[in-house]
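See structure below.
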Protein chains: 2
Amino acid sequence: MTYADLMSEPKRRNKAATRSALLEAARRRFTEHGYDGTGVRDIAADAGVDATLIFRYFGSKQALFAEAVRVEVPEGLGRGRRSDPAALVDALLREVVFTDRPEPGAEHPLFVMLRSAGRPEVRAQLREQVCGEYLAEFTGRLQGADAELRAELIGALLVGIGLMRSVIDSPALSEASFEQTRGLVAAMVAALHEAAPH
Amino acid sequence: MTYADLMSEPKRRNKAATRSALLEAARRRFTEHGYDGTGVRDIAADAGVDATLIFRYFGSKQALFAEAVRVEVPEGLGRGRRSDPAALVDALLREVVFTDRPEPGAEHPLFVMLRSAGRPEVRAQLREQVCGEYLAEFTGRLQGADAELRAELIGALLVGIGLMRSVIDSPALSEASFEQTRGLVAAMVAALHEAAPH
DNA sequence: GTCTATAAGATGATAGAC
DNA sequence: GTCTATCATCTTATAGAC
């Protein structure tokens, strides 16, 4: 959805439309070329507006990035608070790890950030979202001595799979379907629970 | 080891020493600040030489990066060809995933590349080394229908753990010791083998 | 609300003197 | 073998006209 699409023929000025066009263009560009590979001019050109509006509306390139690739953790992922950790893993694998392939620009923000993790600000945002939004879901559901460590191992597995697919582009995992993978992942996670100190 | 260290008092000209000083400085800088966060002037200044020598000796910044963070996969990691995959996982976890903390500049090249994976050339190098050097070790040792997929899942787990420690800096895994982690990882990998189609 | 013009500086890379 | 000087281009960000 470009600026022109949003405002059709009579080229009126519309702050909200311009803003969301910039956001959308930024999401696409950052997804495809990373933070450093994307200039404010590129984004503005894609949106069909002037580059200075980026600073007017968002303050800085960094702030635009943060807003464009912010993660909204889906509401009812595990279907309520007391659901099985295994169900949560399965849901995450389906919803976030295996929902990144289709068209460019649809990749999950987490892996966009991962590819731009050279910048310290991006890394801070990444840590905040991974630990705060996602890992927190697990630590609450796991029991035992090293619950936090096991939660992070599950996170590492999921992030690693997504990384193999989206940045390393390894042959088998990139081509594999969710159905082919879920059983193997479930087995690994189950083993983690059984190995826990009682 | 800086340029000055290598050539002590009488400042003679020494191609080999200059070259290796640049390589060392580049390794440090790229490790700490990533590809885009590092300028050729920074590297040259650290090495105590002029920036133009980078182009004279290496051709380009990209070529210097590739040489500075190239991975040399250790010789006898799994102790011979027919060793247990589990032993290989344990060795990799110890040697590459948990050998990155000490002083800055000692981090494993794989995670340096991961942090600079915004550049397409870096991603190509990363894919080549992960798939070619490391994953190949596993696929040869695994049997069964989806051996390749399971090999990449093991790789995903190891890469994910390294990533949690080196770029996301998640609390539990960053603080955990190799001994605390190896048992849990071994359990996950073992479950993967048992879940294999016979 | 949006644009032109420009500031102010960093970047990778090159030519040629010493 | 090494350095000085410089090119050409790019960057984010701002001031002010329309």
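Fair warning: this is a prediction, and the values are worked out from it, not measured in the lab. The sequence lines fix the lettering, A, B, ..., with proteins before strands; numbering per chain opens at 1.
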field: side chain to side chain contact (heavy atoms under 4.5 Å, CB included) against B:Pro120, all qualifying residues, sequence neighbours excluded
entry: none
task: Check whether NZ of the Lys or CZ of the Arg A:Arg165 lies under 6.0 Å from the centre of the six-membered ring of A:Phe98 and within 45 degrees of that ring's axis.
output: yes
- prompt: Looking at B:Phe65, is B:Arg27 sitting on its ring face, NZ or CZ under 6.0 Å from the six-membered ring centre and within 45 degrees of the normal?
  reply: no
statement: Residue set satisfying side chain to side chain contact (heavy atoms under 4.5 Å, CB included) with A:Ala186, at least two apart, ordered chain then number -> none
- prompt: Any Lys/Arg nitrogen of A:Glu32 or A:Arg28 sitting under 4.0 Å from an Asp/Glu carboxylate oxygen of the other?
  reply: no
- prompt: A:Leu53 CG to D:dT14 C1': how many Å, rounded?
  reply: 13 Å
query: In whole Å, what is the span from the CZ atom of A:Phe65 to the P atom of D:dA13?
result: 14 Å
field: Separation of atom CD1 in A:Ile43 from atom P in D:dT11, rounded to whole Å
entry: 11 Å
query: Over how many whole Å does the gap from B:Phe58 atom CZ to D:dG1 atom C1' extend?
result: 14 Å
query: Rounding to a whole Å, what distance do you find between B:Arg56:CZ and D:dT2:C1'?
result: 9 Å
statement: B/S/- along nucleotides 9-16 of chain C (protein heavy atoms under 4.0 Å) is ---BBB--
- request: Check whether NZ of the Lys or CZ of the Arg B:Lys61 lies under 6.0 Å from the centre of the six-membered ring of B:Phe55 and within 45 degrees of that ring's axis.
  value: no
